[in-house]
Every structure is written in structure tokens, then in C-alpha cells.
Amino acid sequence: MRTIVLGTRRSNLALTQTKWVIEQLKQLNLPYHFEIKEIVTKGDRILDVTLSKVGGKGLFVKEIEQALEQGEIDLAVHSMKDVPSILPDGFTLGAITTREDPRDALISEGHVKLADLPSGSIVGTSSLRRSSQILAKRPDLEVQWIRGNVETRLRKLKEESFSAIVLAAAGLNRLGYTKDFVTEYLEPEVCVPAVGQGALGLECRTNDQELIDLLDKLNCPTTSKTVRAERSFLHTLEGGCQVPIAGYATLKDGQIELTGLVGSPDGKVLLHETKSGDSPEELGKSVAASLLDQGADEILEKVKRDLDS
Ligand SMILES: NCc1[nH]cc(CCC(=O)O)c1CC(=O)O
């Protein structure tokens with residue numbers, strides 16, 4: 001009987017997600033054993049600077065891919081929003097699972113909603129996408145970088161000078177926080193989610209056909225299709241680093257509807273586009289092209305220059 005080794009980061013969220021996938025695999029009642037191997041990535045070790053400066057989201061994924069390549073692990077469970085838009089040769093996503101709540105969640109001291117936070121209140125986030133959209137709504141607030149896993153950020157909300165923080169609803173749900181813990185869910189009309197937010201990607205080696213066949217049983221066709229559109233959009237715009245880009249797609253009567261957004265980190269410029277189509281790849285490219293026509297490349301170039309300096 002084959003043992004499938006799942007590699008995961010050590011955070012509570014990563015472990016919870018990996019255990020959830022094992023449960024789903026076990027329910028298939030197939031003759032496999034499952035084992036978890038914890039991996040500490042560079043992104044987990046470096047916590048003192050903004051994530052964008054140490055190399056962005058790809059950081060978490062790269063070291064896990066090395067373990068896959070060397071056969072130390074067979075399968076990696078990722079939050080899709082942390083997975084770069086193109087995987088290196090030799091790796092594939094065997095499945096994208098059913099999406100959790102894709103929205104961002106605002107959690108504030110005293111449960112004060114975004115619209116009601118006093119002027120000058122400090123909101124903690126380390127995402128340019130979130131800062132851009134929050135400052136567009138509330139230019140009188142102040143955004144400060146906050147790093148660390150979900151529990152660390154919640155502790156900092158209590159102990160430091162933040163009035164509110166923004167976290168993905170999906171992560172909170174998976175960790176078992178109840179709905180009344182959240183002050184306000186930010187609807188996609190207010191804050192367009194990150195590409196892939198709320199979906200899990202199951203990555204394995206391209207030559208592991210046995211595992212690819214197994215993972216296919218956990219694939220959610222709707223989530224796959226919408227996340228592919230979002231990732232095609234991201235790929236068309238991306239220059240490699242973490243940038244203020246948001247993308248969220250839904251499926252209605254077989255048609256994908258994709259909203260893309262590019263904003264300046266201070267929220268003074270927000271470019272939006274929503275389009276429908278049936279090819280995820282073409283739709284992603286088309287929404288990206290519209291934003292480039294509106295001047296998205298200028299915003300993104302400036303962000304990259306500021307990160308490099
Ligand atoms: N960047 C960290 C990260 N990656 C995925 C999630 C949440 C789960 C998800 O989006 O699926 C989080 C935490 C957060 O943004 O609050």
C-alpha cells in the first residue's frame with residue numbers, strides 16, 4: 001500500500017488545510033496511507049520586512065516544490081492565492097478544491113465597521129491589494145504593515161496600536177472562528193478578493209500519474225474554471241513581485257464573470273473592469289488588456305520601482 005506524504009508549512013492554517021485534504025482523500029476509501037511532513041519556508045522565517053520585499057508570495061511555494069522534486073513529499077496543499085500564476089516545469093495542480101468564502105473580513109476593536117472607524121484609525125494589513133481598496137473607501141485612515149500568521153495578527157490587534165485588521169474569511173472559517181467573530185465581511189464590490197482567495201490547490205509532480213488520477217476526484221470544476229480565469233488575468237499583468245492586483249470570478253449559467261482591479265497602494269487610483277466569457281484563459285487576458293488600456297502598467301511599474309528602492 002502506497003504512503004502519500006503531504007508537505008505543509010507549520011502554521012496552524014496550513015496544517016488545518018492539509019488535514020482537511022487528508023480527510024477528503026480518506027473518504028474515497030482507497031488503499032493509501034497518508035503522512036504529514038512539516039516544512040519551514042523562508043517566508044515563515046523572515047517576518048521583519050514586508051512580504052513584497054523578500055520576494056512575494058512565491059516564496060512559500062518554492063521550498064515546498066524543492067521537497068516535491070526531491071521526493072521527500074508527494075503532495076503539497078496550498079492556498080491558491082499564494083501560488084504563482086505559472087508553475088515550474090515538472091509540477092502540476094492535480095486539483096483545485098471547492099472554494100471557501102472568498103471575501104476579506106474586517107476585524108476591529110469594539111466591532112466598529114469600516115465606514116464608522118474614526119478618522120486616523122490604524123488598519124493593519126501587509127497586502128497592497130487590501131491597502132489600496134481600503135484607502136480608496138477611507139482615505140482618512142492609516143494603513144500599517146502587519147505580518148505573521150492569523151493568530152499573530154489577531155494578537156497584534158489586541159496588543160498593538162491597530163484599530164482593525166483585515167484577514168481572509170476563508171482562513172478564519174477553516175480555523176473555526178465563528179461568524180460573529182468578524183466585524184464586517186467586505187463584499188467583492190467593496191474589496192475585490194485576491195486571485196485564488198479561498199480555494200486550495202493540490203500540487204504534485206507531473207510524472208506522478210497515480211496521484212494525479214486520485215486528486216482529480218477532489219477537483220471542483222466550477223472553482224477550477226473561475227480560478228483559471230483569475231490566474232490568466234494575473235499572469236498577463238504580473239511582473240513577478242507582489243502587486244496591488246485583485247481578481248475575482250464567478251460562474252453563472254456556464255458563463256464566467258471576471259472582475260479585475262489594479263490600484264495604487266495609496267488608493268488614489270483604482271482601475272476596475274468586469275467582463276464575461278466562456279474561455280477562462282481568454283477572459284483573463286481580455287480583462288487584463290482593458291486595464292492596461294486604462295493605464296494599469298504605469299501603476300504597476302511605479303509599485304515595482306518603489307519596492308526596489
Ligand atoms: N497570505 C497568507 C494567506 N494565504 C491564504 C490565506 C487565507 C486562506 C485563503 O485565502 O484561502 C492567508 C491569510 C490571510 O490572508 O488572511
Side-chain angles (χ1 to χ4, degrees), residues 8-21 41-47 49-62 64 76-85 93 95-108 123-134 143 145-157 162 164-177 181-186 188 191-203 218 220 223-224 226-227 230-231 234 241-249:
T8 175
R9 292 166 58 198
R10 195 173 276 172
S11 75
N12 212 351
L13 180 59
L15 270 168
T16 304
Q17 292 178 166
T18 300
K19 287 178 185 162
W20 181 82
V21 168
T41 68
K42 197 172 164 193
D44 297 310
R45 284 193 300 266
I46 306 173
L47 292 172
V49 283
T50 66
L51 192 57
S52 356
K53 285 211 175 177
V54 286
K57 316 191 220 181
L59 204 68
F60 295 118
V61 176
K62 219 190 259 165
I64 290 180
V77 178
H78 303 292
S79 296
M80 278 306 298
K81 82 165 172 185
D82 296 327
V83 179
S85 54
L93 289 171
I96 298 182
T97 63
T98 307
R99 194 171 221 166
E100 246 286 356
D101 192 332
R103 294 173 296 179
D104 283 315
L106 182 91
I107 300 161
S108 67
V123 179
T125 173
S126 53
S127 139
L128 296 175
R129 174 188 66 82
R130 287 173 179 150
S131 81
S132 170
Q133 297 185 83
I134 285 166
V143 166
W145 288 154
I146 185 169
R147 284 280 328 268
N149 60 36
V150 173
E151 292 84 355
T152 307
R153 292 186 204 200
L154 290 170
R155 181 172 49 73
K156 288 182 177 175
L157 172 64
F162 302 105
I165 57 172
V166 185
L167 291 169
L172 293 168
N173 289 347
R174 292 198 188 103
L175 288 172
Y177 290 95
F181 186 81
V182 170
T183 303
E184 183 179 12
Y185 290 97
L186 304 177
C191 189
V192 181
V195 164
Q197 186 159 304
L200 300 182
L202 311 188
E203 185 183 24
L218 298 192
C220 169
T223 307
S224 268
T226 48
V227 169
E230 295 164 12
R231 287 165 62 76
L234 182 66
C241 62
Q242 204 206 13
V243 279
I245 297 178
Y248 178 56

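Values in this document were obtained by computation on a predicted structure and should not be read as measured data. Counting starts at 1 for both ligands and their atoms, in listed order. All heavy atoms count here, side chains included; hydrogens, waters and symmetry mates do not.
In this structure, the side chains of Leu154 and Ile165 come closer than 4.5 Å at one or more pairs of heavy atoms. Counting only heavy atoms from C-beta outward, the side chains of Leu167 and Arg153 approach each other to under 4.5 Å. A heavy-atom distance below 4.5 Å is not found between the side chains of Arg130 and Leu186.
Between Gln197 and ligand 1, a contact under 3.5 Å exists for no N or O pair.
With Ala168, Gly148, Gly201, Ala199 as candidates, the residue nearest to atom 16 (O) of ligand 1 on a non-hydrogen basis is Ala168. If you check each of Ser79, Gly198, Ser127, Ala170 against atom 10 (O) of ligand 1, the one with the closest non-hydrogen atom is Gly198.
Residue contacts with ligand 1, taken as heavy atom pairs separated by less than 4.0 Å, involve Asp82 solely via side-chain atoms from C-beta onward. Contacts between Arg130 and ligand 1 below 4.0 angstrom, taking non-hydrogen atoms only, involve the side chain exclusively. Proximity of Glu100 to ligand 1, defined as any heavy-atom pair under 4.0 Å, is not found for any part of the residue.
Nearest heavy atom pair, residue Arg99 against residue Thr223, reads N-OG1, 3.2 Å.
Arg153 does not count as a contact of ligand 1, since none of its heavy atoms falls under 4.0 Å from the ligand.
Near Leu167, with a cut-off below 4.0 Å to any heavy atom, the atoms of ligand 1 are 16 (O).
Exactly one of Glu100, Glu230, Lys81, Arg103 qualifies for a side chain to side chain contact (heavy atoms under 4.5 Å, CB included) with Gln197. That residue is Lys81. The side chain to side chain contact (heavy atoms under 4.5 Å, CB included) with Gln133 is formed by just one residue from the set Val192, Thr125, Asp104; it is Val192.
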